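Whatever order the structure lists them in is the order used to number ligands and atoms, beginning at 1. Here the structure is a predicted model, which means the values were calculated and not measured.
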Amino acid sequence: MRSGEHFSPPGERRLEATYGPHLEALCQRSARALTACGYTALLLHSGSRLPVFEDDQTYPFRAHAPFKVWVPLTDAPDSFLWFEPGATARLIVHRCADYWHKPAQLPQDYWVRHFDVRTVADHEGARRELPADLSRAAYIGDAFAELARWGVGALNPPDLMRWLDFPRAVKSPYELDCLREASRLGARGHRAAERAFAAGASEFGIELAFLEGCGQREQELPYNPIIALNAGGAVLHYQVLEKQPPRERHSLLIDAGAQFQGYASDITRTYSAGDADFALLVGRMDQMQQTLCAGVRAGVDWRDVHLRAHRLLAELLREADITRCSAEEAMASAVTSVFLPHGIGHLLGLEVHDVAGFMRSPQGGDIPRPEGHPNLRLTRVLEEGFVVTLEPGLYFIPQLLDAARADVRRARCINWPRVEALSKFGGIRIEDDLAVTRDGRENLTRDAFLETA
Ligand code: GLY
Ligand code: MN
Ligand code: MN
């Protein structure tokens, strides 16, 4: 699909048009899953508020993905979805009856008319909205105390969950609209963060700019932003967010995404504060990332994308004088894994690291990772409708460099003075979100950045 074809925001009417077919397909595949596993109905839980030990606070609420795939209701804990094939699905929304919290609003959106909606004040009220006999129903969600008395046939049965999770890798047109909008919101946040970095903000200041740019509070984001100045970029999931700017500024690595209707974006950019050599290295990584993106299409084994990334990185390391052995030797001795220890990407959707990355089929069996690559999160062959991240990196990670220095074969491959000089920049990651189309891929992230330029 041509880049830039999807610039209109998904207005209510467009979502209304695509949501119906999404729900229809979901009903069909859920009915098949129930039949295959011997159940007659499905009871999905939105999730519980989890209390902090000895406190009257709860942790930020995150709705369960198997519930969110049905309804974009992300802030209604203790709600339920009841599905029996052939009948209108019932949405049981929990509205607290106290005066300490604002009750969840009864949704009025485009999707509500597809459901038989009931509101309840507690678990007992929810139980009354369900059939008396739940012995042939499967329940998916938290095992809250009263559930033991509800008489459900099974609690989170693995075979059924597998049947439900496997097809989530292929996104419906409605889901693609949501993912495009999540990318747009994320790109706005990234633009604001880049400006804050240029103005000399701290890591925390850059996060505030990101939040304001995408218009979301931290707990609405799909994951905690990774915002690292300088050597912090070598910590893959850096979480500190220093409040003071460092005395010297070399680089920024920002990995942050936004959420729309429960769907996530997952975007990383790396910037040089002024050093031309590091800026050149970032530019090379960007080119390599684009080369890899161009190879994404239906029928491609994701393990081959990952291994190709290591081959391209081996060449790049040599060209940048970071290694001094052949690309073949860098691959054979796993030197590339010293600089790139994570997977090349993963499925993206309702969860940032979306489910079903290894599944061979709904019936069972996992596809193994390539030997020597324990952190790859996706091993399936790409299909039209998959949405994946593509995120090559090049890091200077002290623990991995120390281990390589202690190993003669790898140690002699590496140009140590060059590595020492680059370590203050931490690392580089460039991460885009791609939808696999009939004849190639759509880059949700680059399209979104173009739109927010
Ligand atoms: N933001 C985590 C990741 O890129 O996988
Ligand atoms: Mn990612
Ligand atoms: Mn990321």
query: Taking 2.8 Å as the cut-off, does an N/O/S atom of E391 lie below it from the Mn ion (ligand 3)?
result: no
- request: Assess H353: does it contribute an N, O or S atom lying under 2.8 Å from the Mn ion (ligand 2)?
  value: no
message: the Mn ion (ligand 2) and D266: any N/O/S contact shorter than 2.8 Å?
response: yes
- request: For R269 and I430, indicate whether the former's side chain and the latter's backbone hold a donor-acceptor pair under 3.5 Å.
  value: no
message: Within the 3.5 Å criterion, strictly below it, is a donor on Y238 or E203 matched to an acceptor on the partner's side chain?
response: yes
- request: Indicate yes or no: does an N/O atom of R429 lie under 3.5 Å from an N/O atom of ligand 1?
  value: no
task: Measuring from the Mn ion (ligand 3), name the closest N, O or S atom belonging to E431.
output: OE1
- request: Under 4.0 Å from a heavy atom of H353: give me the atoms of ligand 1 that qualify, with their elements.
  value: 2 (C), 3 (C), 5 (O)
query: Applying a 4.0 Å heavy-atom criterion (strictly less than), which segment of H342 is in contact with ligand 1: side chain, backbone, both, or neither?
result: neither
task: Please state whether the rings of Y19 and F115 are parallel, tilted or perpendicular, taking 30° and 60° as the class boundaries.
output: tilted
message: When you compare ligand 1 with D255, is there at least one nitrogen or oxygen pair between them that comes in under 3.5 angstrom?
response: yes
message: Tell me if the aromatic rings of H45 and F67 count as close, with their centers under 6.0 Å from one another.
response: no
- prompt: Between the side chains of Y223 and D266, is a donor N or O closer than 3.5 angstrom to an acceptor N or O?
  reply: yes
- line: If we number the atoms of ligand 1 from 1 as shown, the ones under 4.0 Å from a heavy atom of Y223 are 1 (N)
statement: On a heavy-atom basis, the closest approach of S30 and L26 is OG-O, 2.7 Å
task: Name the closest protein heavy atom to atom 3 (C) of ligand 1, giving the residue it belongs to and the distance to 0.1 Å.
output: D266 OD2, 3.4 Å
task: Heavy-atom contacts with E431 under 4.0 Å: which atoms of ligand 1 show up? List them by number with element.
output: 4 (O)
message: Measuring only between side-chain heavy atoms, which start at C-beta, is K68 closer than 4.5 Å to T74?
response: yes
message: Could you go through T389 and D432, starting from their C-alpha distance and side-chain angles, then the distance that decides it, and tell me whether this counts as side chain to side chain contact (heavy atoms under 4.5 Å, CB included)?
response: CA-CA 6 Å; T389 69; D432 289 346; over 6 Å; no
